Amino acid sequence: MMKLALASLLAGSAAAFAPAPMAKTSSAMNAFTAEDFPGALAPMGFFDPLGFAAKADLKTLKRYREAEVTHGRVAMLAVLGFLVGEAVEGSAFLFDGQISGPAITHFTQVPDGWDALIITFIGAAEAQRAQIGWVDPADASYDQPGLLRDDYYPGDIGFDPLGLRPEDPEELNLMITKELQNGRLAMLAAAGFLAQEAVDGKGILEHFSS
């Protein structure tokens, strides 16, 4: 059941942990270079062992960061979905509590029709994100697919209902770094959860309790 809840949450994942509401991007937010990337921490510093950043221009770097922060947000929601979904299996109010077992099997147990609704929610969220951050394909060169707007800071889609965005640039960079680090950890955790459950067919919480 909670796999459905997770998938619904994924529809808003692009906005769920956004660091800043953005009407106009500040000059500090536009200062986006490999040398001053938020997210570079000791002892690794700016970690780019394969040299992707060295081969990329500013527009490509922004696309890389957009992909990283978005995948991190999805992964954070996925980790929560794994743990919560398995914790309430068999006792949730949706679908008469019939969905159970490892979290990777929950989605396939959702009744027919709900998958289309989930995909619709995800598509709507992604379309909104694209309208905010992406150049209209009709206005972009054929050799620059997925081009981001010049005034768009990666991940800043204007979602900050609690007003957490700091005004001070240094504090803002610190908050962005925290989000990135949590997202990176969540991507590793989600990948580990998926692999572990696929290998032995046991839920993550079952592993914790065994």
Side-chain angles (χ1 to χ4, degrees), residues 1-19 39 63-134 137 145-146 148 154-162 164 176 178-210:
M1 190 292 294
M2 284 305 295
K3 196 65 175 181
L4 170 64
L6 167 62
S8 298
L9 284 172
L10 290 180
S13 62
F17 299 90
R63 286 173 55 197
Y64 288 164
R65 177 48 56 86
E66 175 73 14
E68 179 183 26
V69 70
T70 301
H71 281 83
R73 291 167 181 171
V74 172
M76 285 187 275
L77 291 173
V79 168
L80 287 175
F82 266 93
L83 300 177
V84 174
E86 293 181 4
V88 303
E89 66 176 27
S91 61
F93 65 93
L94 285 179
F95 312 124
D96 296 324
Q98 296 300 308
I99 295 179
S100 60
I104 60 172
T105 69
H106 287 187
F107 188 77
T108 59
Q109 299 177 56
V110 173
D112 293 340
W114 284 89
D115 51 354
L117 180 62
I118 293 167
I119 292 172
T120 299
F121 276 124
I122 295 174
E126 288 298 283
Q128 182 184 28
R129 186 167 69 97
Q131 289 178 344
I132 294 172
W134 269 257
L148 296 178
D156 185 12
I157 60 174
F159 185 82
D160 184 26
L162 300 180
L164 299 178
I176 293 172
K178 289 177 179 179
E179 180 188 23
L180 287 166
Q181 293 296 93
N182 281 282
R184 291 162 181 168
L185 178 60
M187 285 188 277
L188 293 173
F193 287 2
L194 286 164
Q196 185 64 58
E197 292 195 355
V199 167
D200 60 15
K202 295 181 180 179
I204 296 303
L205 295 184
E206 186 178 353
H207 284 96
F208 289 157
S209 61
S210 61

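Predicted model, so just to flag it, every value in this text is computed and none were measured.
Of all non-hydrogen atoms in Ser100 and His106, the two that sit nearest each other are O-CD2, 3.6 Å. Residues Ala78 and Ala190 share a closest heavy-atom pair of CB-CB, 4.5 Å. Of all non-hydrogen atoms in Leu83 and Ile204, the two that sit nearest each other are CD2-CG2, 4.1 Å. Nearest approach of Gly183 to Ala75, heavy atoms of both residues: O-CB, 4.4 Å. Between Gly201 and Pro102, the shortest heavy-atom distance links the atoms O-CG, 3.0 Å. Pairing each heavy atom of Lys178 with each of Asn182, the nearest pair is O-ND2, 2.7 Å.
In this structure, Ser209 contributes its side chain and Glu206 its backbone to a donor-acceptor pair below 3.5 Å. Between the side chain of Glu197 and the main chain of Ala103, a donor-acceptor pair closer than 3.5 Å is present.
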**OP:** Show your working on side-chain contact (heavy atoms from CB on, under 4.5 Å) between Arg129 and Phe159 and close with a plain yes or no.
**Re:** CA-CA 11 Å; Arg129 186 167 69 97; Phe159 185 82; over 6 Å; no

Subject >> From CA spacing to verdict: side-chain contact (heavy atoms from CB on, under 4.5 Å), Leu194, Phe82 >> reply: CA-CA 9 Å; Leu194 286 164; Phe82 266 93; 3.7 Å; yes

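In this structure, Arg184 CZ and Glu179 CD are separated by 10.5 Å, a value rounded to the nearest 0.5 Å. To the nearest 0.5 Å, the span separating CZ on Arg73 from CG on Leu180 amounts to 8.5 Å. Distance OG1/Thr120 to CH2/Trp114: 12.0 Å, rounded to 0.5 Å. Note that CD of Glu86 and OG1 of Thr105 are 8.5 Å apart. Values are rounded to the nearest 0.5 Å. How far CG of Leu117 is from CZ of Phe121: 4.5 Å, rounded to the nearest 0.5 Å.
By the side-chain contact (heavy atoms from CB on, under 4.5 Å) test, Arg63 is found to be paired with Leu148, residues two or more places apart in sequence or in another chain being considered.
Within the structure, every pair that satisfies the side chain to side chain donor-acceptor pair (under 3.5 Å) test and touches residues 186-196, not counting sequence neighbours, is listed here: Gln196-Asp200, Gln196-His207.
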